[in-house]
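Letters A, B, ... mirror the listed sequences (proteins, then strands); counts begin at 1. Since the model is a prediction, treat every value here as computed from it, not as a measurement.
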Amino acid sequence: MIDIKLIRENPKKYHDGAIAKNLGVDIDKLLAVDKKLLAGKKQLQQIATEKNAIGKSIPKLSAEEKPEALAKLADLKSKEAASNEEVNALQPQYDDLMGKVPQPASPDVPYGEDDTENVKLRKWGTIREFDFTPKDHVELGLDLDIIDIERGVKLAGTRNYFLKGDGAMLHWAVLRFSMDFMIERGYTPMAVPLLMRDEAMRGTGYFPGSEEQTYQMERDGLNLVGTAEVPVTAYHSGELLKEDMLPIKSVAMSTCFRREAGAAGKDTRGLYRIHQFDKVEQVIIAKNSEEASIEYHKEILANSEGVMQAIGLPYQVVNVCTGDLGRGQVQKFDIEAWMPSRDSYGETHSASRFYDFQARRMNLRYKNSEKKNVFCHTLNNTVIASPRILIPILELNQNEDGSITIPQVLRKYLGGKELITKK
RNA sequence: GGAGAGGUGACCGAGUGGCUUAAGGUAACGGUUUGCUAAACCGUCGUAGUGAUACAAUCGCUACCGGGGGUUCGAAUCCCCCCCUCUCCGCCA
């Protein structure tokens, strides 16, 4: 949600911002509705003032004066009803339009249509050259009996899988390593509910817009989250925080559910695009400050790069272009890990900053030093998402005999094991 | 699933038709006292919208006691619908 005052002051910025993001919103119409709505509300206010004045005088009036006053009131009431009807008709239009106005991207964001126009910022690590023909993670997993996609599909449909033995252990190892990594950096670990009310989905900006991507429990009016960002960011929604509580840095591990509607036929092989995965997510709730937001954005990106470097996965960081940004995001940096089987970098992390877009929607505020109530800023980033991250881990660490060398930092989570071999 | 209770300001909690923005308390802020801390005492302390003035200070108006509607000259207070929370019983990881 954007502050209507800012839109009134600078409609062009929001109009152009929406176009850059490929998200159509009729700003002119919004302003027209806003103008009418405001006029209607002012009129209602004026009527109320008169009504209140007459109402207050009633007990003091004489018997002769009373009927006149009551007649006046009746007249005002009918006027009020008419204005009210107008306002009630306009309000939903206004709310609908307002809910769709995107947060304009930062000037640092490259202009572009879609993910093909994202701009590479930097690369880390060297891409391994194989002196044998490498297998992809599906083959490796099958041969080692640590990934079973066939039975996942048999029991749960396409894009489902089982992890077994060291596969399951490796999956948990990256998650636990990531949790430990973040906790050491001062982030508060959270275990969170995964079924969220619509309100939380709206507050974080997923609704309206991503209903198709969400598993909805219609009978209960709840939604399976696609990321722990939802419960963690909305944790303090509707609250007035104290300034000295900020920033609140949290890290949560959760299962994530995505319908992948509209992705039919895309990334169908292996563990890349699946309906259910586990993710460690970092969230920062911060003061309302652009500079601070930018700083924290760097911090959460650095955290994730730190994890990638510790595991030893080559990656690149991209500055996501306008057309590939979500409605609320000011700027987004993706980390993409090198995946031999795709012969390219594949997205594994996504670091976003929102300014007060989410906070406004969920009424998340704090009292600042001037005793004013202001909306917080929110940010989030993946720390690690598995099993997608197992793709580069397995493929890059495979040996000619089909075994996998476990990255050093993960070994302690597999009882010190160094190698995954065929049983 | 059965039965009951309840949703009031940052928080707790009074308030059952009119001078109620809402008692009292906590927290916060300013001050007095004090060697320091604490305590005590005094004072300040709602949000949003809108208007006047210069976008500041300030002043005025309006709305807001879960949400929506109704009764009434007038509603936190009465009526209806919805949402949410809690308690007890049952079932159960």
Side-chain angles (χ1 to χ4, degrees), chain A residues 1-11 13 30-31 33-99 191 193-203 207 216-223 231 234-246 248 255 285 287-288 356 359-376:
Chain A
M1 195 76 70
I2 308 293
D3 188 346
I4 183 66
K5 286 180 185 164
L6 298 176
I7 302 175
R8 285 179 194 147
E9 279 167 22
N10 197 350
K13 176 178 170 188
L30 170 64
L31 287 175
V33 171
D34 173 53
K35 203 171 173 186
K36 274 199 250 174
L37 190 60
L38 198 57
K41 281 183 176 170
K42 276 184 197 170
Q43 198 173 356
L44 275 178
Q45 185 176 320
Q46 205 181 332
I47 293 168
T49 307
E50 287 182 53
K51 256 180 63 183
N52 288 347
I54 296 173
K56 252 181 207 163
S57 71
I58 290 230
K60 298 174 210 149
L61 295 179
S62 65
E64 302 90 72
E65 290 169 314
K66 238 177 203 169
E68 196 191 331
L70 290 180
K72 244 187 190 167
L73 269 173
D75 183 44
L76 282 170
K77 264 191 149 176
S78 69
K79 268 197 210 164
E80 184 180 38
S83 294
N84 224 340
E85 207 169 305
E86 198 188 332
V87 166
N88 285 340
L90 288 168
Q91 192 68 52
Q93 287 184 50
Y94 174 86
D95 293 341
D96 181 56
L97 287 163
M98 276 302 278
L194 303 182
L195 282 163
M196 290 278 113
R197 292 198 165 124
D198 289 352
E199 215 180 347
M201 302 302 286
R202 271 196 293 274
F207 288 0
Q216 296 183 287
M217 308 292 121
E218 289 175 347
R219 189 157 42 152
D220 302 290
L222 295 169
N223 307 278
Y235 183 69
H236 286 292
S237 61
E239 297 181 21
L240 185 64
L241 306 177
K242 296 194 171 137
E243 190 171 24
D244 60 16
M245 290 169 75
L246 304 175
I248 297 170
T255 302
I285 297 173
K287 280 193 223 182
N288 191 302
D356 62 4
R360 234 169 231 290
R361 290 175 155 249
M362 60 175 75
N363 198 23
L364 168 59
R365 302 173 300 166
Y366 68 96
K367 199 175 273 295
N368 71 10
S369 50
E370 279 112 54
K371 294 191 174 175
K372 292 268 188 204
N373 298 343
V374 294
F375 292 105
C376 299

Would you mind reading off the distance between A:Asn368 atom CG and B:U47 atom C1', rounded to a whole angstrom?
14 Å
How many angstroms lie between CG in A:Leu364 and CG in A:Leu240, if you round to the nearest 0.5 Å?
9.5 Å
A:Lys5 side chain, from C-beta outward: closest of B:G49, B:C61, B:U72:
B:G49
Could you walk me through whether A:Glu80 and A:Glu50 pass the side-chain contact (heavy atoms from CB on, under 4.5 Å) test, one step at a time?
CA-CA 11 Å; A:Glu80 184 180 38; A:Glu50 287 182 53; over 6 Å; no
Look at A:Arg365 and B:G46 and indicate whether a side-chain polar atom (N or O) is within less than 4.0 Å of OP1 or OP2.
no
For the CG atom of A:Asn288 and the NZ atom of A:Lys372, what is their distance to the nearest 0.5 Å?
13.5 Å
Nearest-angstrom distance from the residue atom CD of A:Glu243 to P of B:C29
12 Å
Side chain to side chain donor-acceptor pair (under 3.5 Å) partner of A:Asn223, the single match among A:Gln216, A:Glu218, A:Arg197
A:Gln216
So which one's nearest nucleotide on RNA chain B is more toward 5', A:Lys41 or A:Gln46?
A:Lys41
Can you measure from CG (A:Leu30) to CZ (A:Arg8) and round to the nearest 0.5 angstrom?
9.0 Å
Separation of B:G67 C1' from A:Asn88 CG (nearest whole Å):
14 Å
Rounded to the nearest 0.5 Å, how far apart are NZ of A:Lys41 and CG of A:Asp34?
8.5 Å
Calculate the interatomic distance between A:Asn373 atom CG and B:A48 atom C1'; express it in whole Å.
10 Å
P spacing across the pair B:U87 / B:C12, given as an integer number of angstrom:
15 Å
Quote, to the nearest angstrom, the C1' distance that separates B:C36 from B:U47.
40 Å
For the pair made of NZ in A:Lys42 and C1' in B:A52, what is the distance, rounded to whole Å?
12 Å
Nearest to the side chain of A:Arg197 - B:C73, B:U85, B:A63?
B:U85
Pick the P atom in B:G7 and in B:U16, then give their distance to the nearest Å.
13 Å
Report the distance from atom CG of A:Asn373 to atom CG of A:Asn368, rounding to the nearest 0.5 Å.
8.0 Å
Determine the Euclidean distance between corresponding P atoms of B:U8 and B:A14; express it in Å to zero decimal places.
11 Å
Distance check, C1' atoms only: B:U85 and B:G66, in whole angstrom units.
10 Å
NA contact type, A:Arg8, heavy-atom cut-off 4.0 Å: base, sugar-phosphate, or nothing?
sugar-phosphate
Choose from B:C73, B:U50, B:A10 the nucleotide whose nearest atom is closest to any side-chain atom of A:Leu73.
B:C73
Determine the interatomic distance between C1' on B:A93 and the same-named atom on B:U20; round to the nearest Å.
50 Å
Does A:Asn52 make a side-chain N or O approach to OP1 or OP2 of B:G74 shorter than 4.0 Å?
no
Take atom CD of A:Glu199 and atom C1' of B:G66, then tell me their distance rounded to the nearest Å.
11 Å
Nearest 0.5 Å, please: how far is CG in A:Leu194 from CE in A:Met196?
7.5 Å
Qualifying residues under side-chain contact (heavy atoms from CB on, under 4.5 Å), relative to A:Lys42, sequence neighbours excluded:
A:Leu38
Spacing of the C1' atoms in B:G18 and B:G31 (rounded, Å):
39 Å
Using whole Å, what does the distance between atom C1' of nucleotide B:C84 and atom CG of A:Asp220 come to?
15 Å
Let me know the distance between NZ of A:Lys367 and P of B:C11, rounded to the nearest Å.
11 Å
Duplex segments of RNA chain B, taken as runs of at least three Watson-Crick or G-U pairs that stay under 3.5 Å:
B:1-7 with B:83-89, B:10-12 with B:24-26, B:28-32 with B:40-44, B:46-52 with B:58-64, B:66-70 with B:78-82
Identify whether any heavy atom of A:Leu241 sits under 4.0 Å from a base atom; if not, whether one sits that close to sugar-phosphate; answer base, sugar-phosphate or nothing.
nothing
Work out how far the C1' atom of B:A76 is from that of B:C92, and round it to whole angstrom.
41 Å
Verify the contact: side-chain N or O of A:Lys51 to OP1 or OP2 of B:A63, cut-off strictly under 4.0 Å; return yes or no.
no
